[in-house]
Amino acid sequence: MTPNAWAWIVLAVAIGVGACLSSVILFARARDHRGRIRWFWFGLAAIIFGIGVWATHFVAMLAEEPAMQMGYALAPTVLSVALVSLGAIPGFALMLTPSPSMVRRLGSGVMLGGSIAAMHFTGMEAMRFDGRLAYKPGYVILAISLGMILSALSWRRVDELPRASAVVETATLLVLGIAAVHFISMAGTRYIPGPTPTIGGILIGRNATLASVVACALVVGTALTIGLFDQRWRWTRDEAARLRELADCTIEGLLIHTDGVILWANSVVCEMLGSDADRLAGHHVIDLVAPDWQEVVGSHLSLASKSIDEIEVTGTQGILLRVELASRKIHYEGHSAGVLALRDITERRKTEARIEHLAYNDSLTGLSNRARFDEYLALMITRADEGQPVSLLIIDLDRFKAVNDLHGHPIGDRVLQHVASRLQRLVRSDDLVARLGGDEFAIVVPKTTVEAATNLAGRIIESLCRPFEVDGFILVIGASVGVAMAPANANRAATLMQASDFALGRAKREGRNRLCFFEAGMDVRFRERQAIELDLRRAIEMETLDVHYQPLVDCVTRRTIGYEALVRWQHAERGWISPAEFIPIAEEAGLILPLGQFVLERAAAAACEWADDITLAVNLSPRQFHNPTLPEDIIATIKRIGLPAHRLELEVTESVLIDDSVRALEMLRRLKTYGMSIALDDFGTGYSSLGTLRQFPFDKLKIDRSFVNNLGIDPDATSMVNAILAMGSSLRLTVTAEGVETQIQLETLCAGGCDIMQGYLLGRPAAFPHESDRASVTAIQSDRPFYSNNNT
């Protein structure tokens with residue numbers, strides 16, 4: 001085998017390990033719950049297992065390099081992942097009961113091993129090449145048997161889940177079962193040249209298969225991250241519960257003394273100090289106290305203090321304990337005596353220290369967080385006014401998002417930890433390194449000069465441009481640095497932050513992997529943005545924005561069947577401002593909710609004047625899904641205006657599915673239940689997968705204009721569009737093509753089976769006619785160009 005083939009095999013094993021670990025952790029979560037939440041974790045475990053097995057198989061198949069061209073039929077390829085996911089459901093279900101019997105374990109092994117084998121051989125039958133496959137029965141029987149046996153053995157410690165050792169053992173045996181089915185079966189498989197069978201359907205090539213597998217690997221990595229975070233949260237919760245139980249059982253220790261000489265001690269003090277009552281009797285209390293606190297204890301011994309103080313006492317093996325001390329006068333055995341009450345608060349103080357650490361430090365990297373950074377920067381700014389200049393360096397990692405997307409969040413987290421370690425080694429003890437969030441870091445450098453700040457920024461860039469080795473991957477990211485100084489550039493913390501951000505933005509625009517100092521004039525763009533934000537806020541309040549409508553044309557009848565509402569802004573001084581400029585500002589400034597409400601109300605009111613069969617499409621921003629009452633607000637609006645729900649189509653982008661898929665899914669289902677249709681906008685430019693399309697209640701896909709633009713020019717673009725059209729047809733989804741501007745594009749789309757088109761060729765966005773000249777929507781439709789097509 002070639003080194004390249006071994007690399008594919010190693011990657012396949014890694015995906016299998018990640019999938020099995022994820023599914024076992026999620027399955028353990030399901031065993032610990034009841035009701036709906038149990039089935040959520042259970043279903044997620046089965047899906048991740050199925051996707052992981054499927055991805056493992058097809059990555060391993062990439063190691064096969066037969067001397068012929070190969071492809072895969074879409075239908076059996078999709079069927080293979082469905083078989084293993086569905087087969088995992090009964091296999092996992094048999095293990096949900098406490099202490100499952102041997103019969104259940106054997107049954108689960110048969111189900112899981114059988115589903116893995118079904119996926120393998122269905123996936124093999126999906127191969128299309130000049131020839132056929134032949135299997136050696138002995139190898140096939142051995143592979144399936146081992147898969148079932150290892151799957152059954154994997155549940156040996158099922159009742160010990162989610163203990164780490166049990167999770168690792170269970171996942172390891174499942175991975176071995178998957179490997180046995182695949183590699184033993186492949187050892188008994190032969191490629192026999194011959195004529196290619198004539199079988200219809202869509203073929204997907206090596207690159208498309210690889211892209212699908214990468215998407216599956218990302219899903220598995222995300223699930224593994226969720227499972228590990230969930231496991232960590234459970235451990236943290238359990239530890240917190242134990243701490244609360246200990247706190248509930250705490251009682252004070254008591255020492256009775258005369259002039260400081262101990263007469264008696266209770267069991268709590270004995271346990272606290274690692275001694276017994278007899279050994280403590282006769283000793284002076286001062287002998288138990290750390291030297292720095294003896295004066296405080298002396299005032300309690302003389303009964304001169306009525307307060308509660310914190311002191312340190314020497315416990316077992318000389319360990320200092322932090323205790324609360326109170327004293328009172330009593331009578332003991334007929335004599336005047338004193339009593340000291342001791343409450344061990346050592347653990348409480350440690351806990352408070354940990355809480356303070358969490359409050360002021362980033363949990364992932366251990367660096368200072370934004371709260372400590374803000375405090376320290378404000379303090380250093382005040383000292384800068386006293387003749388001690390301070391530099392602020394804002395650091396942004398240049399290619400970190402690509403690392404996260406390609407290798408998953410666990411690898412990304414490890415990279416951030418390595419970055420934090422390198423930054424810490426570059427600074428002085430007085431410098432503060434903080435993680436502000438994501439892949440953005442900051443360093444506050446007091447008592448510095450321009451030369452020193454420049455030198456530090458250069459060393460940071462040089463250090464972060466060096467490769468990172470993480471879990472066997474060699475990763476190169478790089479960094480850009482923006483530098484500002486106080487009091488030269490600013491005399492307030494917020495202003496200094498802005499100055500550094502301006503400098504960082506310029507460094508990134510000029511090619512990244514560089515440093516940039518703040519210069520006068522950098523804030524012009526920022527002030528211009530603020531002016532646009534202020535004008536936009538006023539325009540929304542005064543309702544001076546416009547809503548234009550672009551027709552949606554049926555590919556078969558060539559009639560307008562609906563309109564998409566598009567917001568437009570004619571500024572009194574700046575003229576037309578592009579939505580690409582003011583909508584991101586609206587999102588960042590928190591104006592997207594009132595803007596979206598304005599567009600919906602204006603467009604819904606206009607649509608009520610149209611013919612009953614004309615639909616209205618309205619875009620929803622991902623930021624609008626942060627509003628928990630979004631579905632209710634939309635429903636209330638169209639009820640009040642009188643627009644039937646079936647005439648409203650809501651368009652969402654793929655980023656909505658990434659930000660918070662659970663919440664987005666629940667909201668979209670509520671809207672769908674009410675009768676509205678849901679469209680996935682800009683399809684193909686993000687992270688959509690078949691799983692996403694099946695999970696979310698989409699009625700329509702909108703092909704992004706970037707694909708449509710190259711129709712008739714780029715064969716790959718044509719193939720991609722045809723694949724999306726075929727997929728939409730298979731999933732029974734309506735497909736709309738955006739950006740249709742040429743006759744070639746129109747004819748290609750119609751020939752491919754596109755349902756709906758929109759673009760400048762069919763009609764530009766325009767204000768809808770006023771009521772006075774509104775003859776009918778049909779009249780407007782008749783003005784649309786009609787293009788003949790022999791294939792329609």
Side-chain angles (χ1 to χ4, degrees), residues 546-570 575-584 599 603 614-619 649 651-654 679-686 688 700-729 733-769 777-792:
D546 297 314
V547 178
H548 287 190
Y549 305 89
Q550 186 169 30
L552 302 170
V553 178
D554 186 281
C555 287
V556 177
T557 64
R558 307 299 171 86
R559 292 176 61 84
T560 298
I561 61 173
Y563 291 90
E564 180 180 357
L566 302 170
V567 64
R568 294 293 184 263
W569 186 13
Q570 175 72 33
W576 284 107
I577 299 180
S578 169
E581 181 176 0
F582 70 81
I583 287 181
V599 173
I614 300 298
T615 61
L616 169 67
V618 176
N619 292 278
E649 177 182 290
E651 298 185 3
V652 300
T653 60
E654 294 168 293
L680 179 57
D681 200 9
D682 298 336
F683 180 77
T685 62
S688 291
K700 178 188 292 186
L701 300 179
K702 297 193 72 173
I703 304 175
D704 186 70
R705 65 179 65 248
S706 61
F707 297 108
V708 176
N709 286 344
N710 293 321
L711 286 179
I713 301 174
D714 184 356
D716 291 338
T718 304
S719 300
M720 178 66 73
V721 169
N722 287 335
I724 295 175
L725 292 172
M727 180 180 64
S729 176
L733 298 175
T734 302
V735 181
T736 298
E738 298 179 304
V740 180
E741 298 182 359
T742 67
Q743 183 72 20
I744 292 177
Q745 293 170 357
L746 183 144
E747 293 175 355
T748 303
L749 289 166
C750 290
C754 185
D755 301 297
I756 301 172
M757 298 178 292
Q758 72 180 104
Y760 286 177
L761 182 67
L762 306 164
R764 292 175 177 269
F768 202 79
V777 175
T778 305
I780 296 174
Q781 293 169 348
S782 64
D783 292 337
R784 303 299 177 196
F786 183 93
Y787 299 97
S788 62
N789 190 321
N790 295 331
N791 296 323
T792 302

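Owing to the predicted nature of the structure, the values given are computational and were not obtained by experimental measurement.
For the atom pair CG of Leu552 and CD of Glu649, the computed distance is 7.0 Å after rounding to the nearest 0.5 Å. Note that CE of Met757 is 13.0 Å distant from CD of Glu741, once rounded to the nearest 0.5 Å. To the nearest 0.5 Å, atom OH of residue Tyr563 and atom CG of residue Leu616 are 11.5 Å apart. Taken from SG in Cys754 to CD1 in Ile724, the straight-line distance is 10.5 Å, to the nearest 0.5 Å. With rounding to the nearest 0.5 angstrom, the OG1 atom of Thr718 is 12.0 Å from the CZ atom of Phe707. For the atom pair CG of Leu725 and CG of Leu733, the computed distance is 11.5 Å after rounding to the nearest 0.5 Å.
Taking the side-chain contact (heavy atoms from CB on, under 4.5 Å) definition, one finds that Ile744 meets it with Thr742, Thr748, sequence neighbours left out. Legend: residues meeting side chain to side chain donor-acceptor pair (under 3.5 Å) with Gln570, ordered by chain and number and at least two apart, are Trp576. Residues satisfying the side chain to side chain donor-acceptor pair (under 3.5 Å) test with Glu564, not counting sequence neighbours, are Asn619, Lys702, Gln758. By the side-chain contact (heavy atoms from CB on, under 4.5 Å) test, Pro579 pairs with Arg568, Phe582, Ile583, sequence neighbours left out. For Asp716, the side-chain contact (heavy atoms from CB on, under 4.5 Å) partners at least two apart in sequence or on another chain are Asp714. Annotation: side-chain contact (heavy atoms from CB on, under 4.5 Å) contacts of Val708 (sequence neighbours excluded): Ile703, Leu711, Ala737, Val740, Gln745, Leu749.
Here the closest heavy-atom approach between residue Val618 and residue Ala565 is recorded as CG2-CB, 4.4 Å. Summarising the geometry of Gly728 relative to Leu701, their closest heavy-atom pair is CA-CD1, 4.4 Å, with the distance given to 0.1 Å. Closest heavy-atom contact between Arg705 and Gly739: NH1-CA, 3.2 Å. Looking at every heavy atom in both residues, Glu651 comes nearest to Asp681 through OE1-OD2, 3.5 Å. Residues Leu762 and Leu746 share a closest heavy-atom pair of CD2-CD1, 3.8 Å.
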Exercise. Lys700 and Ile756: side chain to side chain contact (heavy atoms under 4.5 Å, CB included), yes or no, with the steps?
Worked result: CA-CA 10 Å; Lys700 178 188 292 186; Ile756 301 172; 3.8 Å; yes

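Using modelled atom types, one side-chain atom of Asp755 and one backbone atom of Val735 make a donor-acceptor pair closer than 3.5 Å.
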